[in-house]
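First the proteins, then the strands, lettered A, B, ... as listed; each starts at 1.
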Protein chains: 2
Amino acid sequence: MAVIEPVPSESRQAQKERTRQAILAAALELSQTQGFAQISLRQVSRHAGIVPTAFYRHFESMDQLGLALVEQSFSALRRMIRDAQRDPQVFDNIIDAAADVLVEAVKQSKAHFAFVARERVGGSEEVRRAIKHELDLFVSELAVVLARLPNIENWSSDDVQMVSRLFVRNMVSNAEEVVEMPDGRPDLEEQIKEGARRQMRLIVIGFRDWES
Amino acid sequence: MAVIEPVPSESRQAQKERTRQAILAAALELSQTQGFAQISLRQVSRHAGIVPTAFYRHFESMDQLGLALVEQSFSALRRMIRDAQRDPQVFDNIIDAAADVLVEAVKQSKAHFAFVARERVGGSEEVRRAIKHELDLFVSELAVVLARLPNIENWSSDDVQMVSRLFVRNMVSNAEEVVEMPDGRPDLEEQIKEGARRQMRLIVIGFRDWES
DNA sequence: TATTTGAGTGTACGCATGTTCACTCATTTC
DNA sequence: GAAATGAGTGAACATGCGTACACTCAAATA
């Protein structure tokens with residue numbers, strides 16, 4: 001229950017943004033235990049340290065809050081893929097790099113990934129559609145990155161798109177696993193990473209042999 | 001809103017079972033639009049044509065109802081795999097057979113698959129655990145079937161288990177797709193089937209090359 | 001046939017919810 | 001410095017919820 005104390009030196013706009021972030025954080029935290037669809041506007045407000053009516057100054061409804069969380073989550077995902085592209089390791093070993101980046105990113109933004117993994121299938125119609133859209137977008141973005149890689153650069157764009165889809169599907173599955181991972185078991189992390197690596201190798205090998 | 005009229009000739013036990021099934025059916029139907037976790041005991045009762053307090057004659061709580069639905073769903077899945085084993089086509093072409101069976105089964109018990117797909121990640125702690133357990137069981141059962149197949153019979157049991165896990169993961173993903181499939185688009189069905197086939201081939205080819 | 005059983009009823013309760021409205025009072029604008 | 005703005009307040013409301021309790025009345029049992 002983070003109460004937002006007014007900081008005198010802060011501008012009105014900045015204060016508003018702080019409250020907005022407090023609401024988003026409260027909703028994200030509460031949705032970890034019960035799922036976003038079953039938490040109430042009043043619960044979120046209470047947790048954010050505001051009165052229910054003040055909620056409306058920031059979001060029209062819980063559904064709008066959900067959409068904002070989707071946006072926030074995917075911007076974290078995009079940051080991850082942008083960072084990964086800078087890493088020179090990517091060029092000679094996409095698979096190991098991807099597994100590392102995935103597990104690291106999920107660990108860092110665990111709550112956001114958990115939110116997406118859950119609401120992707122369990123959320124309201126609107127939130128579900130938004131997540132599907134973002135994931136489709138992400139598949140295309142990843143395909144662009146993959147197409148630039150050696151070994152892959154001469155594949156047909158249809159095949160690259162399909163590999164990308166399989167990679168993302170795999171990412172979602174593995175994110176689910178990391179999210180469900182109990183806290184005191186870092187050994188499982190390596191196991192999941194190894195599993196992710198094997199699966200990606202499977203996809204790449206299978207596709208290469210497909211072509212020939 | 002199916003009202004259950006008492007049928008004179010029916011035994012008391014049979015009547016009770018009818019009501020129980022009506023409750024299960026009502027919950028299943030309602031959970032399609034909103035997700036099981038966010039429907040209420042009163043909604044289910046209303047839909048089943050009974051008064052809320054009568055609900056307790058059949059289930060202790062909504063959570064118990066959820067577990068009963070999990071059980072019902074997986075018995076449908078088991079029927080599917082049993083039928084598939086009888087089909088002689090399985091021996092010379094597992095992949096095409098599996099794709100056919102999957103799409104057919106999901107279409108037949110669409111509501112049950114949708115329930116499992118959603119509640120697997122979106123449901124209450126208890127329901128989620130039950131589904132995970134059933135899915136793990138199913139992976140082992142499928143592994144037994146796969147191990148008997150030609151080409152596979154000399155693989156290590158670890159590898160068979162892993163292939164089985166990937167097949168089931170794939171099954172869940174494709175079930176999600178069939179479930180989300182709009183009603184008036186039978187062309188998408190063939191597309192999903194073709195995708196499932198390619199993915200399974202990928203897994204098998206990848207694994208075979210892995211071994212050598 | 002008389003008694004017991006138990007599936008389904010109807011009322012009543014306390015509680016949490018989403019949304020409304022008139023309000024305060026610090027910050028921004030003029 | 002006076003007026004306007006708008007983020008946050010607090011009381012009030014109608015509604016739907018889970019559950020308790022005393023009940024009916026046909027089927028099962030004796």
My understanding is that only residues two or more places apart in sequence, or in another chain, count here; which of them pass salt bridge (Lys or Arg N to Asp or Glu O under 4.0 Å) with [X]?
X	answer
E104(A)	none
E176(B)	R120(A), R120(B)
D187(A)	R185(A)
D63(B)	none

Original post:
For A147(B), what residues pass the side-chain contact (heavy atoms from CB on, under 4.5 Å) criterion, not counting sequence neighbours?
Top reply: V160(B)
Original post:
Residues in side-chain contact (heavy atoms from CB on, under 4.5 Å) with S173(A), at least two apart?
Top reply: R169(B)
Subject >> Separation of dT17(C) P from L30(A) CG (nearest whole Å) >> reply: 11 Å
**OP:** Would you mind reading off the distance between Y56(B) atom OH and dG18(D) atom P, rounded to a whole angstrom?
**Re:** 7 Å
Original post:
Which comes earlier along DNA chain C counting from the 5' end, the contact point of I39(A) or that of R57(B), where each point is its nearest nucleotide?
Top reply: R57(B)
Original post:
Taking the side chain of L41(B) as its heavy atoms from C-beta onward, which of dT19(C), dG8(C), dT19(D) lies nearest to it?
Top reply: dT19(D)
Subject >> P52(B) side chain, from C-beta outward: closest of dG8(C), dT19(C), dT19(D) >> reply: dT19(D)
Subject >> Pairs flagged by ring pair (Phe, Tyr, Trp, His ring centres under 6.0 Å) wherever residues 23-46 of chain B is involved - sequence neighbours left out >> reply: F36(B)-F115(B)
Subject >> Residue E60(A) excluded, over 12 heavy atoms near CD under 6.0 Å >> reply: no
Where do N or O atoms of nucleotides 28-30 of chain D meet protein N or O atoms at under 3.5 Å, pair by pair?
{"from": "dA28(D)", "atom 1": "OP1", "to": "R12(B)", "atom 2": "N", "distance (Å)": "3.0"}

Protein-nucleotides 10-16 of chain C N/O pairs closer than 3.5 Å?
{"from": "dG10(C)", "atom 1": "O6", "to": "T53(B)", "atom 2": "OG1", "distance (Å)": "3.0"}

